Structures are given as C-alpha cells and as structure tokens.
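This structure is a prediction, so every number in the text was calculated from the model and none was measured. Quick note: numbers below take in every heavy atom, side chains included, and nothing from hydrogens, waters or symmetry partners. Position 1 is the first residue of the sequence; numbering continues from there.
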Amino acid sequence: MNRGTIRSKVRRSYILTLIVGVLLTACASSEKQDNIDADVVIYGGTSAAISTAVQLVRMDKSVLIVCPDKHIGGLSASGLGFTDLGNKSVIGGISKEFYQEVYKHYQNDKAWRWQPKDEYGNVGQGTTAIDDEYKTMWTFEPHVAEQIFEKFVKEHDIKVLRDKWLDRENGVKTSNGKITSITLLEGTTYKAKIFVDATYEGDLMAAAGVGYHVGREANSVYGEEWNGVQKGKYHHSHNFQQLNISPYMIPGDSTSGVLPRISTEDPGENGEGDHRVQAYNYRLCTTNAEGNVVPFEKPENYDPAQYELLRRVFRGGRHAMFGGGKIPNKKRDVNNVGPFSSDNIGMNYEYPEASYEKRKLILEEHTKYHKGLLWFWGNDESVPKELREDFKKWGLAKDEFVDNGHWPYQIYVREARRMLGEFVMTENEILGKNKVDKPIGMGSYTMDSHNTQRYITKGGFVQNEGDLGVEPPGPYQIHLGTIMPKKEECKNLLVPAAVSSSHIAFGSIRMEPVFMILGQSAGTLAAMALDADISLYDVPFEALDRQLRKDGQILEYKAPENTEK
C-alpha cells in the first residue's frame, strides 16, 4: 500500500471520527435540552406561589419558582398586613402555618421595638390581632411577612429565580394541549411536567392561550344580582351620596370643563357588564413612632388641581384620611377610605392586559397620584389645620421597604384577568344557593369590590360606582375547577390566584389567606398526578380530598351550636 493510499485512509478515518463526534455532541445537546428542569415550574412570587411550592416539596417533588418579583410574598409582604380575615376557623394547612409563624415572631419581646406588646393588645383589635386560642396572629409588619416566606423557602430548599420576566409574546411553547416550556425575556428556557401560574395578573395563563375575562360580567351571564354596573348601591362610605358635589371646574357650569379624575363616559345601566376593573392602590406602611418616621415628601411636578374634588369633599364636611388598620410597632396598614382617597379610580383599566412597559407607566401614575394625595393631606389649606398638624406626625416607616424608598414593592392588584376554567365560582356558590361538589378549600370574607368608576349623574353631580360589600351567610366551599383551565385548552397548568370566578365572587375569594389555601391544594393535585403518572384531570377526587384533609386543609364548616338555653 503506497503512502498516498494510507494518507487517504487516515484522512477518511479522521473525518468519520469528526462526524461521529459532532453527531454524538448534537444528540447529547438535544438530550440535555429535553431534560426536565423541575417536576413543576411556578411562575410568580406571591403567597400562593410559596404555599404551592412548599406543598410540592413536602410531597417529594422538585419545584422551581421563576418570578418577576425581587421580594417574594405578594401583597402579604407588600403592605397588606391588616389581614382581610373572615372566619378564621376555615383557614387551615400552610395558610394557617403562616399566621402561626407570625404569632411566634411576636411572642418575642425583641420584636416589639417601637411599642410594648401589651399596648398593642389593648387597641381594640380583638382576635384580629394576637389570637392565643389558635396560636395565630392576623396582623403583622411587611418585613415580618417577607421573613416568614423566606424562611419557608429556605427550610424547604426551594430555588427561587427573581427578577425574571416571562416573554408573554413568544415565550410559552405548547404541544398536544400542554405547555412544554416557558422562555423569559432574557432568553432562558425552563421545562417541566406541570406549570403553575401564581401571578395576580394571570400572565402565564393568558400566554398559554387559556380563556379568561377582564372586567365585570352582566348579571345575566351567571344569574347573579351583584355583578355588572351597580349605580345607586352604597354599601360603604366610599361614595358621594348626600354631598351633591358638582363635577365641573366652575360649580354648576357644565361648559366650564370637568374636574380631573372624573369620567365623562356613559356609566352604563345597572346589571350590564363592562370593561371596568375595580380600583388599585398601594397599601402603605405608615408610622408615628418617633425615630422611625420618614416624612411624606412633595412629589416632583405636584399638581394640586388633581385634588380639587377632594377639596370639595372636605368643604362638604367629610374628612376621612387613613383607612386600613393598626399593625404592630405603632404602624398602620393604610387603605382607601371615603369617596376620594388612595384608590385611583378608573386609571387601571388597561393594566391586566398591558405590556410590561405600559404597566410601568400605569404604576408610575398611581405612585405619583398617591404621593400627591399624601402631600395634599398634610399641606393643603382646605384640610382643617388640626388634621394637617396631626397628619404631619406620620410618615412612611423607615424600617420597611428599605431598598425601595420605603414605598411598597407591589401595587394592590385587586383584580386583573380571571380564568374561565373548568368551573366558574359565582355569587350563587358563595351565598349558598348552589352546592359545590368538589371543594379544595374554603373562603368566608365579604364579596368586596372597590369602586370601578367615577362618573357624572343625570342630575349633574359626581358619583362613584362599583363599591360593594355583600356578606355570605357563612363560610363557603371553593370548587376544584376554579384552579383548572378547561381541559381542551391546557392539560398541565394550574392557576391558584387568577382563579375562575365571576367579578363579584372574586371579590371574596381574592384574599391572601385563600390564595395560600388554593396554592397548597394546587401543589397537592400536581404532586398526586406526578406520583400516578396521570393527567391532573384524572386524579380521583376522593384521593385528593383525603390528602388535603390529611395536610390540614379545611373543606367543610359546621357552625358552633348555640349552647344558650
């Protein structure tokens, strides 16, 4: 054999080896791409996300939380420390564990830096504060809630990837009715057998093509009474009834123009559905504890004209400022109160489906409005002097939201998208008119909606609409189908926050203790489906029911017997 033939054979052998190597590398690369990053990937960092993840780990499943949040815990860790409670006896499982951790924290005298514990116990909070019978505490500071959620994550070795934003346009891949992967804006892709959308907005759900609703349904859709437009229904003091305030620049002159923050749109007829979303605000953590006060600052480009309507409210004799309630250490979780307050009515309609860029602008507008309101309360001459002086003793808490200018990390998204799932909860289930045959948790809070619009009445006065508070006769069961998309739309997704319910039913379900309850139930269902290697929709309800009860979930309620004779 000559040297040329040998060289030729060697060359061919080398090339063949190279080709085989490339093919093997490609196969290995393909195999790596097909690997499952976790049994379950959760998108969102809310309280529902944490309880879902904790339950999955307890049932020996691998889980990954991917969230746009830098601080986990949702609204529970972002100012909503005066818990919307309802009947505490139906709060069980991981949700109850959270409030027990709050109780443990405040048993330590070192937790009371700005106020004696006994003083807080005597402020008229009742069982809403320190509940020795249940070893729970239902009011807390934001940083304490965040610490507890971080403790849950650490104890269960849950990996949380923060500041990670879903590519809502092209980042959700599906095949055969299942999500196969999600990709973030920065390009990273995650795969799992089951996905959970634990956001308040329902972003993953929507990107996966699951049906949803934004706004209020007409009463005729589900046979309800309290959905749709509700003009003339005044369940709280958050309206202008009996004030007869003119909406015009020059009172009584409709040709002079309309004051800011009043809609000139037709409000619609009672019972009609519309696109409107109940108002958002920030749940501020304020304090008057000397040494911990950050004074309210005048915002840049402050425009006092934005608050002219509030001046007229004050002139009418209404002076409410701080809603919400007292939380430990001389702090207050501040909520909306009165007809013109921190609820930025009518300015959030686009938020649920808006792009990230548009949402940022909406949040900036809400922040500017809210900070301007605080400055107005403390400085505008229309506010009685004694109220101004008292108000100036208050400010943002220096030891809260320390890396965000002491401002809450999240706005209060009271309602955004709501899934149209396997079962739609309505007021009929909450009011006990319809039976729920597959309960996975219970709720009990009032069907509560904040105002959705501020309009001009036919009589020429300003009025708010949409504020409701309808009390259920007792605790109610929440159906399994509320967290499950329609099977034909997506078979491996669970949604424990943007749940399948009508607008008015969501007004009760949307409370943080309930989100944690539904998160745990979602985790349980996912784990059982993985154990049996079956679809989420094929898990026998009887088996799910047993597991939920075993893990402390409350699925039925019996009122205490009246022992009085």
Do the charged groups of [X] and [Y] touch, with an N to O distance under 4.0 Å?
X: E512; Y: R283; value: no
X: E101; Y: K104; value: yes
X: D37; Y: K159; value: no
X: K151; Y: E97; value: no
X: R414; Y: D343; value: yes

Give a yes or no on whether the backbone of [Y] and the side-chain of [X] come within a donor-acceptor separation of less than 3.5 Å.
X: Q553; Y: I517; result: yes
X: H156; Y: I158; result: no
X: D84; Y: M511; result: no
X: Q477; Y: D437; result: no

- Message: Assess the residue pair R417 and M205 against the criterion (side chain to side chain contact (heavy atoms under 4.5 Å, CB included)); give the C-alpha distance rounded to whole Å, side-chain angles, the decisive distance to 0.1 Å, and a yes or no.
- Response: CA-CA 9 Å; R417 298 184 184 95; M205 168 193 76; 3.9 Å; yes
Pairwise side-chain contact, [X] with [Y], heavy-atom cut-off 4.5 Å (strictly under):
X: P142; Y: I327; value: yes
X: K96; Y: M516; value: no
X: I91; Y: W138; value: yes

Around [X], counting heavy atoms of other residues, nucleotides and ligands shown, do more than 12 lie under 6.0 Å from its [atom1]?
X: Q107; atom1: CD; answer: yes
X: E364; atom1: CD; answer: yes
X: D157; atom1: CG; answer: no
X: E290; atom1: CD; answer: no
X: E150; atom1: CD; answer: yes
X: N108; atom1: CG; answer: yes
X: D533; atom1: CG; answer: no

Which atom of [X] lies closest to which atom of [Y], heavy atoms considered:
X: N292; Y: T287; answer: O-CG2, 3.3 Å
X: T199; Y: D197; answer: OG1-OD1, 2.7 Å
X: A529; Y: L536; answer: CB-CD2, 3.9 Å
X: F195; Y: L204; answer: CB-CD2, 4.3 Å
X: P496; Y: V196; answer: CD-CG1, 3.7 Å
X: G421; Y: S500; answer: N-OG, 2.9 Å

Geometric class of the [Y]/[X] ring pair [parallel <30°, tilted 30-60°, perpendicular >60°]:
X: Y356; Y: W165; answer: perpendicular
X: F515; Y: Y200; answer: tilted
X: Y120; Y: W112; answer: tilted
X: F140; Y: Y99; answer: tilted
X: Y280; Y: Y351; answer: perpendicular

- Message: Please evaluate residues I509 and L518 with respect to the criterion side chain to side chain contact (heavy atoms under 4.5 Å, CB included), reporting the C-alpha separation (whole Å), side-chain torsions for both, the decisive distance (0.1 Å), and the verdict.
- Response: CA-CA 10 Å; I509 296 170; L518 296 180; 4.2 Å; yes
- Trace of the side chain to side chain contact (heavy atoms under 4.5 Å, CB included) decision for N344 with H370: CA-CA 8 Å; N344 198 1; H370 202 157; over 6 Å; no
- Query: Are H71 and Q410 close enough, and set up right, to give a side chain to side chain contact (heavy atoms under 4.5 Å, CB included), and what steps lead you there?
  - Reply: CA-CA 9 Å; H71 296 267; Q410 292 193 16; over 6 Å; no
- Query: Residues in side-chain hydrogen bond (donor to acceptor under 3.5 Å, both in side chains) with E422, at least two apart?
  - Reply: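 E422: no side-chain hydrogen bond (donor to acceptor under 3.5 Å, both in side chains) contacts found.
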- Message: Could you check whether E400 and H406, counting side-chain N and O atoms only, form a donor-acceptor pair closer than 3.5 Å?
- Response: no
- Regarding H503 and R418, is there a side-chain donor-to-acceptor distance under 3.5 Å anywhere? no
- Query: Could you go step by step and tell me if T446 and D448 meet the side-chain hydrogen bond (donor to acceptor under 3.5 Å, both in side chains) rule?
  - Reply: CA-CA 5 Å; T446 303; D448 176 64; over 6 Å; no
